[in-house]
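Everything on this sheet refers to the single structure shown next.
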2 protein chains.
Amino acid sequence: MSAAHPTLEAVAAHAGVSRATVSRVVNGTPGVRPELREKVKRSVAELGYVPNSAARSLVTRRTGAVAVVIAEPETRVFADPFFARQLRGISRELSANDLQLLLMLVEEEADYQRVGRYLAGGHVDGTLMFSLHANDPLRGIAAASGLPTVFGGRPWWPGWEKDDSLVYVDTDNRDGARRAVRHLAESGRRRIAVITGPLDQTSAVDRLAGYRDALGLEEPDPALHAHGDFTVDGGARAMAELLDRSPAPDAVFAGNDLMATGALRTLRARGLSVPEDVAVVGYDDLDPAAWADPPLTTVRQDIVHMGEIMARLLVRSLNDAQTPVSSVVIPSELVVRGSA
Amino acid sequence: MSAAHPTLEAVAAHAGVSRATVSRVVNGTPGVRPELREKVKRSVAELGYVPNSAARSLVTRRTGAVAVVIAEPETRVFADPFFARQLRGISRELSANDLQLLLMLVEEEADYQRVGRYLAGGHVDGTLMFSLHANDPLRGIAAASGLPTVFGGRPWWPGWEKDDSLVYVDTDNRDGARRAVRHLAESGRRRIAVITGPLDQTSAVDRLAGYRDALGLEEPDPALHAHGDFTVDGGARAMAELLDRSPAPDAVFAGNDLMATGALRTLRARGLSVPEDVAVVGYDDLDPAAWADPPLTTVRQDIVHMGEIMARLLVRSLNDAQTPVSSVVIPSELVVRGSA
DNA sequence: TCACGACATGAGAGCGCTCTCACACCGTTC
DNA sequence: GAACGGTGTGAGAGCGCTCTCATGTCGTGA
């Protein structure tokens, strides 16, 4: 066993060449005689040389790291494996490009400051940001840092449409909702209700828009519209409200699977059968959707792929800052099971 | 607005002191006159100075980063928010100590090599590792890197008990299982079956041991023992097997909530009622456990806290390499709901 | 044979920081 | 008044790397 951490210098001495040549070989820079290149490579292997990233990034001004910032209330992150999937895709793509994934979870006000300072400090080459709420400070932080940034999910703040520096990756919530509701309509349902998520999140808004599209409505019928908050309990409560109004719905489109699960619970408690009395469609295709009784008809989105695309866009703008990249919307797909 | 990234030198010039003094102030080293200290601090604020971490770690040999390595098949990571919770706890504790969280997800053989090289390269100060399977190469990689390491979940390989360099944090699976099964026995159940997870994972093994403890058994009755694989379908299948044998069980302890959910499904399909005909207890207290019908009696473990403890142990050994830290086992708690 | 360009290699500066060491200055003691 | 220790500050080396530039070597054409 040789020294713990041999330096470029040591490899150079071992191979009988200069530091510069070893550097060229290690970095794959052309212009080194093949035989010399081989010799150096052997020395590298023999000594177990690993470049010191601190020294490298000190001179290159590149860190080889990307920050993934997730600003989410506990509930959302815990209730579904959304971020785990997302991270999986991101991780794959980043490591394929020799980039490290620096995870920053934001919970409280102070965390925003910490993240802001960190990003502005130039410790990473770019960032991937998740925040589902309107007017989240993350946008400002990203802008202040001057770092290439890709958002997960369409962000939302006044005038975002005009901001062409904004790059995001989102699933096609509107189209997915459209498909789900159209499916209900086509199977003969006439009084299709909707349970919406928090309307300060674009996903909830877009899904409601898809519902309106499918039914050709300017505004949903107030009697057929209830608010959940993307939680099981919220869905159960919303379903109860809907049943207490008239006309009673013969179908429900829930803004996500959690709320659909809650709706199922209420329906069961009221002695109504699904899908005979009331058809139910969810959104997200979480694992529990398939375990539900009856199994949920829902909308699937390829979340892992969404993560991959985010990372890919970022990598592209990292490698070529000139050519701007544009946002991507991933298609959604209806999964028909027993509930509708 | 001043230069994008002012250096120590610039701050020194601005404050009219030497680089060394600024460094002392920035790092909180004592031995600087209070008035000078204030002056320097003002300059730092005014110029928006942020230390360059590359330069710093080049000389200190400290990176200020910790790698979190997760080697898990997709299924586990996706099916439950276990790691999301874990990461939450880890993230909190690390950022409280000004350490960065570097996430490395291992999926295939090649990833192990990549991680091994990276860790050996001295890019991080320590590692937190997750791997539930026997003989996972992670242990070797950790050892080879020479980095302080804390494992999540008790690892398992030949002779691990004698390896006192090993530090892990785990929940008390054995005791949790004991409580769960004792609860079944105390409510008058006589034929308590067990559905086990993959027995190459310590959590599955320990939960089985707890089952034996509670019943005072050397080995479980083969007729009352079935294998799931920690999945819903596995649990459903195992439950069917158990019901086809005799004597039919009047209670089931499932090694996790997923399998318990599957068991519930089979019982419902067979027209058996829970808990009247068969009582069911799960493990983990995932969110879907509470949504099940009937809601699952299960065992809760404080996963966020587990993450915090892992990070805390690592931080401690980072700050004081002399004093060894010892493993920690987090208590588990029975949550009684409708299913048993 | 000589001038020339193409190509391969080495020398050396410098990235921004920490840390050791030398030095200056002060108050104390004999 | 000289010697002393304590304290605060600055000078400067050096961490391991990249990258520019100078230098050396070769093949080609006149």
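First the proteins, then the strands, lettered A, B, ... as listed; each starts at 1. Just the heavy atoms: all of them, side chains too, but no hydrogens, waters or symmetry mates, feed the values below.
Smallest separation of non-hydrogen atoms from S91(A) and L105(B): OG-CB, 3.5 Å. Scanning all heavy atoms of the two residues, the minimum distance from Y168(A) to S327(A) falls at N-OG, 2.9 Å.
Under a 3.5 Å cut-off, the side chain of S23(B) and the backbone N or O of R19(B) do not form any donor-acceptor pair. Formation of a donor-acceptor pair under 3.5 Å by the S317(A) side chain with backbone atoms of P148(A) is not found in this model.
Of the residues D170(B), L166(B), D136(B), the one that meets the side chain to side chain contact (heavy atoms under 4.5 Å, CB included) test with P155(B) is L166(B). The one candidate from N97(B), V66(B), V325(B) that meets the side chain to side chain contact (heavy atoms under 4.5 Å, CB included) condition with V315(B) is N97(B).
Ring planes of Y118(B) and H123(B): parallel class, angle under 30° (limits at 30 and 60°).
Each of P30(B) and L58(A) was assigned the nucleotide of DNA chain D with the nearest heavy atom; the assignment lying further toward the 5' end belongs to P30(B). Nearer the 5' end of DNA chain C, as judged by each residue's closest nucleotide, is the contact made by L36(A), out of V26(B) and L36(A).
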Next item on the list: For the pair L103(A) and V68(B), evaluate side chain to side chain contact (heavy atoms under 4.5 Å, CB included) and give the outcome as yes or no after the intermediate values.
Entry: CA-CA 10 Å; L103(A) 186 65; V68(B) 174; over 6 Å; no
Next item on the list: Show the numbers, then the answer: is there a side chain to side chain contact (heavy atoms under 4.5 Å, CB included) between T323(B) and R316(B)?
Entry: CA-CA 9 Å; T323(B) 321; R316(B) 202 175 302 162; over 6 Å; no
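When rounded to the nearest whole Å, the span between CZ of R37(B) and P of dT7(D) equals 15 Å. When rounded to the nearest whole Å, the span between NZ of K39(B) and P of dG8(D) equals 17 Å.
For the contact set between residues 13-21 of chain B and DNA chain D, defined by any heavy atom under 4.0 Å, the members are V17(B), S18(B), R19(B), A20(B), T21(B).
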Item checked: Per-nucleotide protein contact string for nucleotides 21-27 of chain D, where B marks a base within reach and S marks sugar-phosphate only (heavy atoms under 4.0 Å, - for neither) -> -------
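Of the N and O atoms on the side chains of T127(A) and T149(A), at least one donor lies less than 3.5 Å from an acceptor on the other residue.
For DNA chain C, the outermost nucleotides in 5' to 3' order that have an atom under 4.0 Å from a heavy atom of chain A are dA8(C) to dG16(C).
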